[in-house]
Amino acid sequence: MDLAKANDLMLGKLGLGLLPRDIRSGAVAVVSAVLGVTGSIAMLDLWIFRDRLPADYVAFFTSPLGDRMLAMCIRALGEEVIYRLLYMTAIVAAIKLVRGRVGPVGYGLAAVAAQMIGVWPSLVQEPFRASLRYLAVGAVWGWLYWRQGWFAAAAGHGLSHLLIDPMLLIGLTHTR
């Protein structure tokens, strides 16, 4: 069985998939998402909220890159398994079960709801920053899952840390 058929059998009935239907558009979407998320985080963490970032957050992202960046890429993959492949898929399945179909709003709500499961403690502590920094970023990975497949979301999320982590190390170390 080829990958496209396996993709359709597994998640296709929910309008979700593992792989992009078109590799070129999938790659463009991943690169766009990585650059957009990285730029947004730079703006939020280095300019807008710099003076209000929690000390432990700054300490973590100004620690040596070495093992931390690899750990963040692995953590990103784990988050994609949990929040997109499990939670978002389950929420989409529940919407389909109740409504009979899932439209764009349903996929968007599923992406946001799945991400909220993981970030709600941050949303309670600092609602505005956490909404922009964690909820919106997770919704981007949810959108990528819906539009380009789970592997695209996992690749984008993991690859983003190859840009975000060094950027935060430099930016947080050299600003103040």
Heavy-atom pair with the smallest gap, counting every atom of [X] and [Y]:
X	Y	value
A152	L144	O-CD2, 3.4 Å
S131	L135	O-CB, 3.3 Å
E126	P54	OE2-CG, 4.1 Å
H161	A76	CD2-CB, 4.0 Å
Y145	A153	N-CB, 3.8 Å
L85	T89	O-OG1, 2.7 Å

Nearest 0.5 Å please: distance from the [atom1] atom of [X] over to the [atom2] atom of [Y].
X	Y	atom1	atom2	value
T38	D165	OG1	CG	9.5 Å
I170	T62	CD1	OG1	12.5 Å
L86	E80	CG	CD	11.0 Å
I91	I117	CD1	CD1	4.5 Å
R75	L77	CZ	CG	13.0 Å

Counting C-beta onward and ignoring hydrogens, is there a side-chain heavy-atom pair between [X] and [Y] closer than 4.5 Å?
X	Y	result
V102	L14	no
F60	D56	no
R129	L53	yes
L35	L163	yes
M72	F61	yes
L123	Y134	no
V34	L162	no
I41	L168	yes

Ignoring hydrogens and geometry, is there a side-chain-to-backbone donor-acceptor pair from [X] to [Y] under 3.5 Å?
X	Y	value
W150	L16	no
K96	K13	yes
R52	I48	yes
Q115	Y83	no

Walk me through whether W143 and Q148 qualify under side-chain contact (heavy atoms from CB on, under 4.5 Å).
CA-CA 8 Å; W143 168 84; Q148 297 296 334; 5.6 Å; no
Just to verify, what does R133 make a side chain to side chain donor-acceptor pair (under 3.5 Å) with, not counting sequence neighbours?
D45, Y57
So, using side chain to side chain donor-acceptor pair (under 3.5 Å) as the criterion, who are the partners of S63 when residues are at least two apart?
R68
If you draw a 6.0 Å radius around CE in M116, do more than 12 non-hydrogen atoms from other residues or ligands fall strictly inside?
no
Which residues share a side-chain contact (heavy atoms from CB on, under 4.5 Å) with A42, sequence neighbours left out
L46, W47, M167
Would you call the rings of Y107 and W146 parallel, tilted or perpendicular if under 30° counts as parallel and over 60° as perpendicular?
parallel
